[in-house]
Structures are given as C-alpha cells and as structure tokens.
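Each remark here refers to the structure printed beneath this line.
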Amino acid sequence: MSPTRTPSRRAIVLGTGGSLGYAWAVAALSTWQQHTGHDARDADVLIGTSAGSIIASALASGVAVDDLVSHLLEPRESPSSGTRPRRRGARGGLPPLPRVGPGSVRLLREVARHPRRFPPLAVASALLPVGRADTSGVTRLVSSFAPEAWPAPPAAPELRIVATDYDSGARVPFGRGGAPPASCAEAASASCAVPGWFEPVRIGGRRYVDGGVCSATSADLLLGTDMPALDEALVLVPLARRGRARLTGVGGAADGLFRGIVGGRSAREIGRLRGAGLRVTSHAPGPEDRAAMGWNVMDARKQGDVVRTALRTTAQWWAREDRDR
C-alpha cells in the first residue's frame, strides 16, 4: 500500500493593480487553475491588496474565477458584474480634480519624526491631495457577493485585506486579530482608495487608503504567527513587470520605473517566503500584457482587451518549464 499523500496547504496572494491589474490577475488565476487543476477557492489563505482585495473577497465568498472572467468579457449592468468604482467627474480613465493641500498632515509629521520607518510611497501618498472620487462602486460590488460577517475557517479560507492607516502610515490587515472590525465590502473599499484619486475610507473613526502604499502584495504576512502552517504560495503582482517593456515616451518610462520599484519590494518579500521553506510561484505582467494595459492602469475601458490578452499570455507562461528559473 502506498502512503496517503497529505494535501499541500496553499496561500494565494493577490496584489494591487488598478482596474487593469484586476483584469490581468483574474485571467492569470483562471489559466493557473486550468494548468494546475486547483480551484483558487480551496486555498487555505487569501491575501488581497487593492484590486486584489476584490478578487480575494470573491474567492472567500465562494465566487468562481470563471464567473469573474465572464463579468469582464461580458459586462452587465448590475452591481455584481462591474469592477469599476464610480468616479465622480472622472472621464477618460482619469480622476476628478483633487482637493487642495496635502492629504495627511499627521502622516507627514510621523515621517518627519521617523523618516526611515516609511516607504517612499507612504511619503508620496501623504503629500498628495485628497481625491474626490469615491469607492462606492467597490462597496456595492463586494456587498453583492460577500456576507456581512467576515468569512472565516473552517467554512472559508483565512482572509486578509490590506489597507493603510492614512494618519499613522501603519499597514492594517483586516481580518487579523486586533484589526478594526469591518465587513469585506468596507475593507476592500479602504484597500482600493488610491491616494490623490479616491477619498480615504473611514472605518471605526480612522481614515484608510490603498494597502499598496505599504506593499504591493504584503506577501510577508504569510509568515505571521496568526497564519496556519503553509507549504506553498501563489503570488500575483500585477504592478510589477516581466521582460522588456514595449511602452515608449514619458508615460512608458514612468511606468517601467514604478513597476521596477514594486517588483523589487515584492521580490524581497517572496525571498523571505522561500527562505522560510515555502514553495512560491509568482507571476507579473509580461511585455504584451503591459502593452495592452498602457501606462494608466486605472483606465477601465481597456479591461476587456487586457483580460483577453492575459488569458493567452498567462496560459503560455504557466506551460513554460523554465518559468521559475
């Protein structure tokens, strides 16, 4: 008799990426499922940041990845089918004009006191003015499939949705013990509140903005004492890059620089996971994906093109034997 094989305990980490990073990550998850035979909903841990928080909330609530793909390819006028937050006054994939003045004077004071404690994006987010768009579309979307009570084991995976406290700069993983109580819809709305574009989201009297201010993936949360023992992790980093870019001009150069910074930090987090003994599979958009996205990842008008491109490119990537070399 052959010994019984113990199933691997798996985490899925879904990073920030805007409207187009959302489309890419949904496609990448779909083709990963097809390649591996796994169902993303069976993960033991889900960590979502910004756009990734919507996907993680959906998976923890039992929504199939194929349904998310269908909503992107065949959008319907219903709260559960859209992935685009309502943007007051936004046109052409651009935000309305923000208010005047820095977004968080308190965070700037914290930075002045402890400059080495904060990543560059935290400093930039504090300097940016408060946005005028809101994340009510995210709230409606996530509320359409997620229960009011936070999903929890054994009925659901361990779920963490990452946001940033806008006045202290602290990373806040909603769903972890000690975090402010919130629904998935509230937490995802906070996690998606890009500084300078959206208004901060208030939860428990505190202001929260995009979790990507602290980290694009927060993959290192998997090493916390609140996490179950894990064997492997899938990490999708929609705002990083793979291969040479096809974008040109100032926008393309800025996009490449930003993706390089994001990818570097994510790579360090992934290195820590591997150092702790986890088998990690990671992926980021390649040249064709980034060409389909362009420099403005918030331009939701391109979601259909991005998901169609990514369904092809990510399927090819998972099939490559040398992808992790």
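Position 1 is the first residue of the sequence, and the numbers go up from there.
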According to side chain to side chain donor-acceptor pair (under 3.5 Å), who are the partners of [X], at least two apart in sequence or on a separate chain?
{"X": "Arg116", "answer": "none"}
{"X": "Arg176", "answer": "none"}
{"X": "Thr313", "answer": "Asp289"}
{"X": "Thr164", "answer": "none"}

* Asked: Do Arg242's NZ or CZ and the ring of Trp317 fall within the cation-pi criteria of under 6.0 Å and 45°?
  -> yes

* For Arg202, all residues meeting side-chain contact (heavy atoms from CB on, under 4.5 Å), sequence neighbours excluded -> Arg207

* Asked: Would the number of heavy atoms belonging to other residues, nucleotides or ligands and lying under 6.0 Å from CZ of Arg106 be above 12?
  -> no

* Look at atom CZ of Arg312 and say whether more than 12 heavy atoms of other residues, nucleotides or ligands are closer to it than 6.0 Å. => yes

* Go through the steps for Thr217 and Glu269 under the test side chain to side chain donor-acceptor pair (under 3.5 Å), then give the verdict. => CA-CA 9 Å; Thr217 58; Glu269 292 180 357; 2.7 Å; yes

For [X], give me all partners under salt bridge (Lys or Arg N to Asp or Glu O under 4.0 Å), at least two apart in sequence or on another chain.
{"X": "Asp226", "result": "Arg160"}
{"X": "Asp66", "result": "none"}
{"X": "Arg272", "result": "Asp220"}
{"X": "Arg9", "result": "Asp44"}

* To do: With sequence neighbours excluded, give me every salt bridge (Lys or Arg N to Asp or Glu O under 4.0 Å) pair touching residues 275-284.
  => Glu232-Arg279

* Asked: Can you name the ring-ring contact (aromatic ring centres under 6.0 Å, His included) partners of Phe174, sequence neighbours left out?
  ->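 Here the qualifying residues are Tyr208.
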
* Of all pairs that satisfy ring-ring contact (aromatic ring centres under 6.0 Å, His included), the ones with a partner from residues 209-232, not counting sequence neighbours -> none

* When the ring centroid of Trp32 is compared with that of His283, is the distance short of 6.0 Å? ->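 For Trp32 and His283, the ring centres are not under 6.0 Å apart.
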
